[in-house]
Amino acid sequence: MSAIEYSFMIKINSSEFLKQRWAKSDKTTNAPNILTAINWFNNVSHWFSTFILSEQTPNGRATIISNIVALGTKFLFLKNFNGVMEVLSALESLPISRLKLTWNLVATKTKEQFRKLRLLMRSKNNFQRYRDVLKATSPPYVPFFGIFLTDFTMMDDCKPDYVEGLVNFEKVRSFGEQLAEFFRFNLEHYNFQPIKQMSEAFEKMFEKNWDDNDMYRISKLREDLAAQPNGDGDECKVAQEADAPANPDHAKQMMKEITGPSLSVFDDIEKATEQTQYELVSTDKEELTVRDWKVLLTGSIKKKYNKGQIVVSQGSQNRYFYKIQSGKLRVEKLVEQKKGKKSKVFLRYMEAGDTFGEMSLLDQNRKTTAQISAENDVELSCIELPFVFSTFELEPNLFRKFYKNMALNLAKRLRETTAPSATPDHFVQDTLSDDRDSIDHQDTSPSITITKDSPSVSLRALSKYSKSNLSASKLASSPPPPSIPTST
């Protein structure tokens with residue numbers, strides 16, 4: 001990693017620091033190497049955080065943190081200050097620093113090493129301690145890149161290019177001194193070279209990184225919910241920390257995953273014993289429990305809608321999974337009439353406890369074919385679909401239970417919809433009866449609904465059949481015609 005970062009630094013041209021080119025709209029053209037170094041720093045820091053949060057137990061996360069701190073110490077030994085800051089950026093980030101159960105299991109010796117790294121790179125007095133150490137360090141080394149960008153930005157913002165119509169040579173001199181200080185790291189070279197396969201492997205690993213928003217939510221999922229009862233009278237099944245089996249060396253696991261079999265130097269490591277996991281999602285109940293819903297809705301966004309306000313527009317693309325916390329929603333379909341006019345066909349009501357948006361988990365590209373509006377004041381829990389997938393990846397039991405319950409519910413609704421006794425006139429079908437994901441319904445034909453809230457059948461819907469000279473008396477004595485097409 002130090003060799004890779006060093007290779008990025010030596011490619012930077014002095015002109016890329018002019019006039020904050022790395023922050024302009026044409027930055028990819030005028031400061032490509034600075035951007036490469038910035039992106040690498042951010043990706044490595046996010047990769048550390050993602051790897052920690054992907055581990056399910058506090059013991060496992062503490063082991064990963066210990067190895068990352070050890071990696072930071074190794075960076076310092078190689079005089080890679082940029083790598084040290086990558087480690088600190090990850091471990092001091094909110095999603096990681098808030099993991100109290102995890103940090104309580106980190107060894108005292110590791111915490112002391114971490115404290116020394118923080119002391120070196122702390123921002124007090126504009127990173128004065130680090131600046132002093134850097135001046136006393138002989139090349140080769142990899143400087144912390146962010147400080148130089150800050151210095152050049154301050155210089156450009158605070159010192160004018162011209163003074164009384166003349167070139168500000170003081171600014172030019174300061175700029176030259178700063179450039180000389182930065183490029184001093186390159187007066188001598190490391191005696192090792194980056195491995196191309198490693199660089200490519202890192203890039204693939206970075207594709208799996210979570211963003212800051214997802215990492216914070218997963219952090220809450222990992223420990224906040226692990227310390228809570230499941231809501232059904234059962235305590236969360238947590239491995240006892242003192243008795244939990246030791247995790248394998250995650251630094252070695254990371255190297256194996258990065259380098260692959262051809263480059264791995266850890267092939268002789270014995271396979272570690274399987275690790276006892278936190279069971280955030282209960283496995284003894286097939287239905288979704290209160291605790292399961294807590295896990296699924298971790299970090300969800302609360303939204304409130306006033307009476308009559310549209311929640312989901314017909315023809316839009318749904319990006320959320322919803323659960324109604326309070327209030328009542330009205331589901332309607334807008335149907336094209338003559339002369340371009342549209343009429344509303346009532347489908348059903350949804351109330352507190354109902355969910356919708358499930359079908360978008362199967363196909364995120366389908367357009368909504370119904371309108372949902374607030375019948376009264378409503379509060380919803382909304383969670384982005386990509387985060388739902390991330391949660392399923394972390395909790396396979398929740399993934400299995402959720403889709404099994406969704407399939408069972410859809411099958412139940414299908415039976416209710418197609419049953420002969422579903423409607424008094426046999427042919428009248430509720431195209432979205434009890435379909436909580438009506439916004440994803442693909443049927444474009446007029447809908448006819450009979451619910452407890454609408455005892456009478458819509459005459460507009462029935463008029464479709466009057467053109468076929470069907471009368472109520474004939475319908476009562478004749479076999480039921482084919483039902484209105486229904487999409488499930």
Side-chain angles (χ1 to χ4, degrees), residues 1 43-77 83-118 201-202 205-206 208-210 214-227 236-260 264-280 390 393-396:
M1 294 178 71
N43 283 331
V44 170
S45 178
H46 278 76
W47 179 55
F48 287 149
S49 300
T50 298
F51 201 84
I52 293 170
L53 293 172
S54 65
E55 177 56 50
Q56 293 185 325
T57 69
N59 261 351
R61 292 192 291 272
T63 302
I64 296 176
I65 288 176
S66 297
N67 282 288
I68 292 176
V69 172
L71 183 60
T73 304
K74 188 65 174 179
F75 281 147
L76 186 58
F77 174 77
V84 173
M85 202 63 185
E86 289 165 352
V87 168
L88 294 177
S89 177
L91 298 183
E92 292 182 330
S93 64
L94 182 58
I96 304 303
S97 62
R98 68 182 300 280
L99 299 174
K100 295 181 180 180
L101 294 176
T102 297
W103 282 102
N104 288 339
L105 297 173
V106 175
T108 303
K109 181 180 178 180
T110 299
K111 289 181 179 178
E112 179 62 19
Q113 292 175 338
F114 180 48
R115 186 189 70 82
K116 291 180 179 179
L117 294 177
R118 295 179 64 187
F202 272 117
M205 290 291 292
F206 294 157
K208 302 178 182 179
N209 284 353
W210 295 321
D214 282 355
M215 283 193 286
Y216 179 73
R217 294 181 179 183
I218 293 170
S219 175
K220 291 184 65 178
L221 184 153
R222 282 299 184 214
E223 293 204 353
D224 292 14
L225 291 176
C236 179
K237 300 177 182 178
V238 179
Q240 296 297 322
E241 301 301 340
D243 301 327
N247 229 22
D249 189 334
H250 284 268
K252 296 175 180 178
Q253 283 190 344
M254 291 196 312
M255 291 301 296
K256 274 193 171 185
E257 189 170 355
I258 295 168
T259 60
S264 176
V265 295
F266 304 117
D267 291 335
D268 57 342
I269 298 177
E270 293 183 359
K271 187 176 182 180
T273 56
E274 291 188 1
Q275 179 184 354
T276 303
Q277 298 180 346
Y278 269 58
E279 294 183 0
L280 287 179
S390 297
E393 183 178 349
L394 286 171
E395 302 298 335

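Side-chain contact check for F114 versus V87: every heavy-atom pair is 4.5 Å or farther apart. Side chains of K220 and R98 form a contact here, defined as non-hydrogen atoms less than 4.5 Å apart.
Heavy-atom minimum distance, F48 versus A90: CB-CB, 3.6 Å. For V106 against S66, the heavy-atom pair with the smallest separation is CG1-OG, 4.1 Å. Considering every non-hydrogen atom in both S49 and M215, the closest pair reads CB-SD, 3.3 Å.
N67 contributes atom CG, which lies 14.0 Å from atom NZ of K74 (distance to the nearest 0.5 angstrom). Remark: L99 CG to I65 CD1 distance equals 6.5 Å, nearest 0.5 Å. The distance from atom NZ of K116 to atom OG1 of T73, rounded to the nearest 0.5 Å, is 9.0 Å. With rounding to the nearest 0.5 angstrom, the CG atom of L105 is 8.5 Å from the OG1 atom of T57. Rounded to the nearest 0.5 angstrom, L53 CG and I64 CD1 are separated by 9.0 Å. Atom CD in E86 sits 9.0 Å away from atom CG in L71 (nearest 0.5 Å).
Remark: N209 pairs with N43, H46, W47, T50, F206 by the side-chain contact (heavy atoms from CB on, under 4.5 Å) rule, at least two apart or across chains. Applying the ring-ring contact (aromatic ring centres under 6.0 Å, His included) rule to W210 yields no partners; only residues at least two apart in sequence or on another chain are considered. In this structure, the side chain to side chain donor-acceptor pair (under 3.5 Å) partners of T102, at least two apart in sequence or on a different chain, are R61, E223. Scored by the side chain to side chain donor-acceptor pair (under 3.5 Å) test, S45 finds S89 as partners (sequence neighbours excluded).
Sorted by first and then second residue, the salt bridge (charged side-chain N to carboxylate O under 4.0 Å, His left out) pairs with a member in residues 104-113 read E112-R115; sequence neighbours excluded.
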